[in-house]
2 protein chains.
Amino acid sequence: MGWRAADRTKQTLKAQNDDAPEYLLEDQVGHLLRRAHQRHTAIFQANIADQQLTPLQFAALMKLADVGEASQNHLGRLTAMDAATMQGVIKRLIARGLIARRPDPDDRRRLLLTLTEDGRILVDVATARGHRISDETLEPLSPSERQTFLKLLLRLTD
Amino acid sequence: MGWRAADRTKQTLKAQNDDAPEYLLEDQVGHLLRRAHQRHTAIFQANIADQQLTPLQFAALMKLADVGEASQNHLGRLTAMDAATMQGVIKRLIARGLIARRPDPDDRRRLLLTLTEDGRILVDVATARGHRISDETLEPLSPSERQTFLKLLLRLTD
DNA sequence: CCTGAATTGTTCGTACACAAACGATGGTCG
DNA sequence: CGACCATCGTTTGTGTACGAACAATTCAGG
């Protein structure tokens with residue numbers, strides 16, 4: 001169709017002459033957040049003692065150590081994980097014997113999660129690593145910049 | 001050596017009485033980066049015109065519109081995607097007819113990628129959406145705070 | 001020229017991430 | 001009491017993310 005070719009010409013000219021609506025990927029928050037998160041997980045992998053432990057598994061363990069006992073969904077909310085995602089994370093942690101699951105006597109829908117002895121040991125070892133990972137992630141910033149950044153980042157988190 | 005045992009005791013006491021070495025998940029950069037990224041992708045989903053288009057597919061399209069033509073690996077580097085990840089992203093974009101692939105005459109290992117006419121049309125429509133998505137993601141911050149945040153975030157991105 | 005190192009694209013396996021639908025259970029309110 | 005609705009855990013399907021291994025190709029050095 002003739003109009004198609006005409007349109008394409010116009011489009012090409014517009015793209016060449018007018019760069020007002022331009023979109024630079026490297027300036028977009030989403031892309032920067034994704035890259036910063038990528039860098040953080042790489043730092044995590046390099047510094048966490050246990051090579052099998054992932055950031056989400058680590059978060060679940062630490063939070064469980066914090067609250068002592070919680071149902072899957074509750075722990076998921078505390079760690080910002082989807083129920084379906086939590087399903088897989090918990091399954092792998094149970095398979096490794098780091099957490100245990102027992103039915104809630106007061107609510108037969110719920111499964112209560114607790115750390116096992118091995119889980120508690122791992123948490124003790126990994127806590128220092130966690131702080132080191134956070135430090136190394138923020139290493140490009142000065143102390144005051146870190147504080148500013150974390151304050152602003154928190155406000156972009158619902 | 002005596003000072004060693006003394007130090008360890010001091011550490012243990014410190015750990016028991018003082019909760020300085022405690023680990024609060026919600027204060028850790030990695031967790032905050034993850035949650036901010038989650039929130040951004042939710043905003044993306046809600047605001048991008050095409051419901052099938054994902055953030056990564058969008059990034060690949062926009063970058064390809066920017067550079068005109070690139071091999072898979074090259075486009076992957078430009079968009080911070082692993083070669084294996086790029087594989088899947090490109091496959092889906094080709095299946096939807098948004099990009100085309102042809103062999104590089106100068107290097108038979110390479111496959112050159114370009115936008116199709118449909119891809120170019122989608123890019124034109126989605127550019128405004130992309131800016132709106134970035135704005136809405138940064139909405140909790142004031143203009144000067146946004147500038148500060150983006151500057152600091154960029155420095156945490158290798 | 002020719003052998004070894006590097007690059008390109010592919011596949012496989014594991015682990016998030018989330019929408020959607022499901023059965024089982026629990027609480028509420030008429 | 002009984003219908004209704006919310007919540008809990010599970011499964012399925014699609015789409016990132018990346019390490020690892022692979023064949024084909026290119027390139028650099030001797």
Side-chain angles (χ1 to χ4, degrees), chain A residues 30-31 33-46 48 50-61 70-96 99 101-113, chain B residues 30-31 33-46 48 50-61 70-96 99 101-113:
Chain A
H31 185 66
L33 282 173
R34 179 171 160 271
R35 291 203 0 215
H37 186 251
Q38 276 180 344
R39 174 169 168 274
H40 170 263
T41 66
I43 292 174
F44 181 95
Q45 298 285 342
I48 199 67
D50 187 332
Q51 287 300 322
Q52 313 311 317
L53 203 62
T54 66
L56 278 246
Q57 292 173 19
F58 179 68
L61 284 181
S71 72
Q72 273 186 209
N73 277 3
H74 185 46
L75 187 59
R77 283 189 289 270
L78 293 175
T79 53
M81 294 187 215
D82 188 75
T85 300
M86 184 58 66
Q87 178 71 16
V89 172
I90 294 302
K91 188 179 67 181
R92 285 180 280 274
L93 288 175
I94 290 178
R96 291 191 54 190
I99 69 178
R101 190 158 54 171
R102 67 180 180 88
D104 185 334
D106 298 332
D107 188 338
R108 277 188 293 174
R109 294 170 304 177
R110 288 192 185 139
L111 297 174
L112 292 181
L113 306 174
Chain B
H31 185 66
L33 282 172
R34 179 170 159 273
R35 292 206 353 213
H37 185 251
Q38 277 179 342
R39 174 170 167 274
H40 170 263
T41 65
I43 292 173
F44 182 95
Q45 298 285 341
I48 200 68
D50 186 333
Q51 287 300 326
Q52 313 312 317
L53 203 63
T54 66
L56 278 243
Q57 292 173 18
F58 178 69
L61 284 180
S71 72
Q72 274 187 207
N73 276 3
H74 185 44
L75 187 59
R77 284 189 290 270
L78 294 174
T79 53
M81 295 186 214
D82 188 77
T85 300
M86 183 59 65
Q87 178 70 17
V89 173
I90 294 304
K91 187 179 67 181
R92 287 180 279 273
L93 289 175
I94 290 178
R96 292 191 53 192
I99 69 177
R101 190 157 56 168
R102 68 180 180 86
D104 185 335
D106 297 333
D107 188 337
R108 277 186 295 175
R109 294 170 304 178
R110 290 194 183 137
L111 297 173
L112 293 180
L113 306 173

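Here is the naming used below: chain letters follow the sequence lines, and residue numbers restart at 1 for every chain.
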TODO: Measure the distance from CZ on Arg110(A) to P on dA6(D) and round it to the nearest whole Å.
DONE: 17 Å
Task: Main-chain N/O of Pro55(B) paired with Arg34(A) side-chain donor or acceptor, under 3.5 Å - done: no
Open item on the list: Show the nearest heavy-atom pair for residues Ala60(B) and Leu93(B), with the distance to one decimal.
Closed with: CB-CD1, 4.1 Å
Task: Phosphate OP1/OP2 of dA15(C): any Gln52(A) side-chain N/O under 4.0 Å - done: no
Open item on the list: Using the side-chain heavy atoms of Val89(B), tell me which of these nucleotides is nearest: dC18(C), dT25(C), dT16(D).
Closed with: dT16(D)
Task: Arg108(B) CZ to dA24(D) C1', straight-line distance once rounded to whole Å - done: 9 Å
TODO: Indicate whether OP1 or OP2 belonging to dG9(D) is found under 4.0 Å from a side-chain N or O atom of Asn73(A).
DONE: yes
Task: dT16(D) phosphate, OP1 or OP2, under 4.0 Å from Thr54(B) side-chain N/O - done: yes
TODO: Verify whether one side chain among Gln72(A) and Arg101(A) offers a donor that lies under 3.5 Å from an acceptor in the other.
DONE: yes
Task: Of Leu56(A) and Ala83(B), the one whose closest DNA chain C nucleotide lies more 5' - done: Ala83(B)
TODO: Determine the minimum heavy-atom distance between Val89(B) and Met81(B), stating which atoms define it.
DONE: CG2-SD, 4.1 Å
Open item on the list: Whether the side chain of Gln52(A) engages the backbone of Arg96(A) through a donor-acceptor N/O pair (distance < 3.5 Å, no angle test) should be reported.
Closed with: no
- [ ] Report the distance from atom CZ of Arg109(B) to atom P of dG9(C), rounded to the nearest whole Å.
- [x] 8 Å
Task: Euclidean distance, atom NZ of residue Lys91(A) to atom P of dT12(D) [Å, nearest integer] - done: 10 Å
- [ ] Grab the CZ-P distance between Arg101(B) and dT8(C) for me, whole Å please.
- [x] 15 Å
- [ ] Would you classify Asp82(B) as touching base, sugar-phosphate or nothing, given that sugar-phosphate means primed atoms plus P, OP1 and OP2, and contacts are heavy atoms under 4.0 Å?
- [x] base
Open item on the list: Both Ala84(B) and His37(A) contact DNA chain C. Taking the nearest nucleotide for each, which residue is further toward the 5' end?
Closed with: Ala84(B)
Open item on the list: The side chain of Gln72(B) is closest to which nucleotide in this list: dA19(C), dC16(C), dT10(C)?
Closed with: dT10(C)
TODO: Could you state the atom-to-atom distance from CG of Asp106(B) to P of dT7(C) in whole Å?
DONE: 19 Å
Open item on the list: I want to check one thing: is the phosphate of dC18(C), taken as OP1 and OP2, less than 4.0 Å away from some side-chain N or O of Gln38(B)?
Closed with: yes
- [ ] Please state whether the phosphate of dC16(C), meaning OP1 or OP2, lies under 4.0 angstrom from any side-chain nitrogen or oxygen of Arg92(A).
- [x] yes
Task: Gln87(B) vs dT11(C): side-chain N/O to OP1/OP2 distance below 4.0 Å - done: yes
TODO: Would you mind classifying the nucleic acid contact of Thr41(A) as base, sugar-phosphate or nothing, using non-hydrogen atoms under 4.0 angstrom?
DONE: nothing
TODO: Can you tell me the distance, in whole Å, between the CE atom of Met86(A) and the P atom of dT11(D)?
DONE: 16 Å
Task: Rounded distance in Å - CD (Gln51(B)) to P (dG15(D)) - done: 13 Å
